[in-house]
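Notes for the one structure printed next.
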Amino acid sequence: MIEWFHPGFVYLFGAFLVPLLKGKVKQAYVLLLPAIAFVILILISKGVFGEGPFWQTSFMGYELTLGRIDPLCMVFAYIFVIASFCMFLYAIHIKEDWQHVAALLYIGSTLGVVFAGDLFTLFFFWEIMAWASLFIVWYGKTKSASGAGFRYFMVHSFGGVCLLAGVLIHLHNGGSIAFDSFTWGIGSEYLGVYLIFLAFIINAAVPPLGAWLADAYPEASVTGAVFLTAFTTKSAIYVLLRGFPGVEILIWLGAIMALYGVVFAVLENDIRRLLAYHIISQVGYMVAGVGMGVFGTAAGNMAINGATAHAFCHILYKAVLFMGMGAVIEVTGRRKLTELGGIYKYMPITFWLYMIGAFSISGFPLFNGFISKTMVVTASAMWDYSTIWLMLELASVGTFLHTGLKLPWGVWFSRDTPVCEAREPPWNMLAAMGIAAFLCTLLGVYPAILYNILPYTVHYEPYAPGHVIAMSQLLVFTFIAFWLLRGKLHGTPTITLDTDWFYRIPGKMVIRFCEGPLMATAKYMDNSLMRMAVFFRGIPPKSQTVVETRINNAFHERVPALLNFQNIYNKIKEDKVREISYNVIYILIAMILLLIFVLFGLVTKL
Amino acid sequence: MEMRVLFVLLYISIFATILAGILAMLFLHLHPHFWWEEIPVFSAVYGFVGCVFIIVASKALGHHWLQKEEDYYEKR
């Protein structure tokens, strides 16, 4: 009898068989993997393997844990596995094996993050997640996908190095390798914790560090984007819940984020980018929930339950929404609001399935957003945060306005005659949407299914009359305002500047400087040096190549010899342990800077 | 035809939600956390005003600052 099997490894190892299989067998295989992982999760829940922790090993004197089991990680593992089944069903017709491989590695590593019991394991899977998702973005296979992928990876490698540096400093300061709640405070001794926090909020797409999300996700392929919606941001919520519950700054960041996404969604013309901004907005509720999650208080438990439940529900309805808009792009080849409209009569099933997702995200009673979002809002009321409460309610209004009204109106109606031919998407896409939409409704009608697996006992009645009436009023009157102002909500053929401006424009300037003045100076110096050498050695000009070789030798062999790694190592060896770890950090920081410069170059080339 | 059904439904829901709000305030013992939750039509007003505010404020922000032509990054 095996001790335990890691559900993530089902995906990670399973990925390598995909290229060897063909046709229907391959299709069945990619659906089988989530099913196997789901069975393992059920067995874990039933206690077949015991309590854990599992798969512990020693590494450089540290105890690593690949399988830490508790209610919080089980909720996230369940939703990741369930969502992955729907997403693979949606993508089953894809012929490119490596797109499946990238998706499997992405999901497997996310589960690795979820079950990680220590910081090294966390970092290891965190990096695989970034790499695998980069390939999903690149499978969009357009010039803009390529550039967006580089920018995506630049941000995530920065986040990854922050995490590693944070972990090393944390350990150096006497912190534990175990991945549990960090001690939060003010002072230089918390530097490691701050860096870890920074890495987490980068992945959670907290502004101003969140522009990568809306930049990259809409550039992925129709099926790839669906995978991207679920894992990176929600695993970030998981690690924040694990490491930083009750950190007050998160409450404000979350509430600002919820409104930030809403504002940008008003201005957006690209249908999937509009939805991507609503991921940021919805993740804002979860981030605020994490911030209010002070251990051991009734309101704190409510907030942690709320953030967890909202992540669970969000993954389902966001999948439906991205699948719906993906279907529109699949059958029409158009992705802008200004190029769509009037195609309802061709694809009514897609429309209604999309609307279930839209009702869910807007928090309509009887749909899953209502049972989870209101928990976070109620937690803010229990803490007496009146401004936060008002901000979150306002974000609810904006969410319904865009995903529930403006987007479906613009895509399927808004014009009397259809702008183009369309049809329903392939059966597997509809089936995937159908399953996810069914789960959204099921959870809305029977919230106990979800409430029973949350980390703390739930003392909350979502269908209390006060909640239902308030939410209904809010939504009905949002509709009235939309109807009156719908003329103002047509898409415009523009893009919206986000904080990615701060690396896109200066990046171009750096490259322009390198290619222009810097190259010209280097060339001038090169030529002058060569002429001088020729003059002094009295070598006729035709032997210039010999001189060139010598100069090359000097630069490529003698100078590097001075920077010998052996010398550096010897210096490090003489120093104390303390300085070694700082050296490592300096090297890492230098590497980041180098990487950023190289990537700037690539970004602007593309 | 469909539009008429939609509007009938809309009028009914406006009426029903407002009435429910008033009745709930009169007959049910709700537990409001903030003073404004005691106003029976607060959410209705907040939904309407909030929606108008979001549209107007975002459009102003976009028009004067954030919205650029589609080839903005290519041109620079």
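Letters A, B, ... are given to chains in the order of the sequence lines, protein chains preceding strands, and every chain is numbered from 1.
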### Query
Taking side chain as C-beta onward, heavy atoms only, is A/Trp483 less than 4.5 Å from B/Phe7?
yes
### A/Phe413, part contacting chain B, at a heavy-atom distance under 4.5 Å
neither
### Message
Just checking B/Phe53: does its CZ atom have more than 12 heavy atoms from other residues, nucleotides or ligands closer to it than 6.0 angstrom?
### Response
no
### Task
Please name the pair of heavy atoms, one in A/Phe264 and one in B/Leu66, separated by the smallest distance, quoted to 0.1 Å.
CZ-CD1, 3.9 Å
### Contact leader toward chain B among A/Ile505, A/Val397, A/Leu267, A/Val266, where contacts are heavy-atom pairs under 4.5 Å
A/Leu267
#### Entry: Leading residue by heavy atom contact count with chain B [cutoff under 4.5 Å; candidates A/Val476, A/Leu390, A/Thr378]
A/Leu390
#### Entry: Contacting region of A/Asn269 [heavy-atom separation from chain B under 4.5 Å]
side chain
#### Entry: Heavy-atom closest pair, residues A/Lys488 and B/Lys59
O-CE, 3.1 Å
#### Entry: Heavy-atom neighbours of A/Trp352 CH2 exceed 12 at 6.0 Å
no
### Task
Check the pair A/Leu497 / B/Trp65 against side chain to side chain contact (heavy atoms under 4.5 Å, CB included), numbers first and verdict last.
CA-CA 8 Å; A/Leu497 299 188; B/Trp65 183 24; 5.6 Å; no
### Query
Could you give the distance from CD1 (B/Ile54) to OG1 (A/Thr399), rounded to the nearest 0.5 Å?
8.0 Å
### Query
Given that the side chain runs from C-beta out, which part of A/Leu394 has a heavy atom under 4.5 Å from chain B: side chain, backbone, both or neither?
both
### Task
Mind ranking B/Pro40, B/Gly47, B/Ala44, B/Pro32 by heavy-atom pairs under 4.5 Å with chain A and telling me who comes out on top?
B/Ala44
### Task
Check A/Pro493 against B/Glu70 and note the closest heavy-atom contact, atom names and distance.
O-CG, 3.6 Å
### Query
About how many Å separate NE2 of B/His33 and OG of A/Ser386, when rounded to the nearest 0.5 Å?
13.0 Å
### Message
Is the ring pair B/Trp36/A/Trp389 parallel, tilted or perpendicular, if the boundaries are 30 and 60 degrees?
### Response
tilted
### Task
Carefully, step by step, assess A/Thr494 and B/Lys68 under the rule side chain to side chain contact (heavy atoms under 4.5 Å, CB included).
CA-CA 5 Å; A/Thr494 52; B/Lys68 302 283 173 200; over 6 Å; no
### Query
Looking only at heavy atoms, which two atoms of A/Ala481 and B/Val52 are closest? And how far apart?
CB-CG2, 4.0 Å
### Message
Using the side-chain contact (heavy atoms from CB on, under 4.5 Å) definition, which of the options B/Val45, B/Val49, B/Val41, B/Ile14 pairs with A/Phe477?
### Response
B/Ile14
### Query
Does any heavy atom of chain B fall under 4.5 Å from the side chain of A/Glu393, the backbone, both, or neither of them?
both
### Query
Contact part of B/Tyr73 toward chain A, heavy-atom cut-off under 4.5 Å: side chain, backbone, both or neither?
both
### Query
Between B/Tyr72 (side chain) and A/Thr496 (backbone), is there a donor-acceptor pair under 3.5 Å?
no
### Task
Look only at the side chain of A/Gln473 and the backbone of B/Thr17, and say whether a donor-acceptor pair between them is shorter than 3.5 Å.
yes
### Task
Measure distances from A/Thr492 to the heavy atoms of chain B and classify the residue's part below 4.5 Å as side chain, backbone, both or neither.
side chain
### Summary
Output for pair (B/Leu9 CG, A/Phe479 CZ), nearest 0.5 Å, gives 10.0 Å
### Message
Which atoms of B/Glu74 are under 4.5 Å from chain A, going by heavy atoms: the side chain, the backbone, both sets, or neither?
### Response
backbone
### Euclidean distance, A/Leu474 CG relative to B/Tyr46 OH, rounded to 0.5 Å
8.5 Å
### Task
Output the option from A/Ala381, A/Ala265, A/Gly398 having the highest count of non-hydrogen pairs under 4.5 Å with chain B.
A/Ala381
### Query
Can you name the nearest heavy-atom pair linking B/Cys51 to A/Leu401, along with the distance?
SG-CD1, 3.7 Å
### Query
In terms of heavy-atom contacts, does CG of B/Asp71 have more than 12 from other residues, nucleotides or ligands at under 6.0 Å?
yes
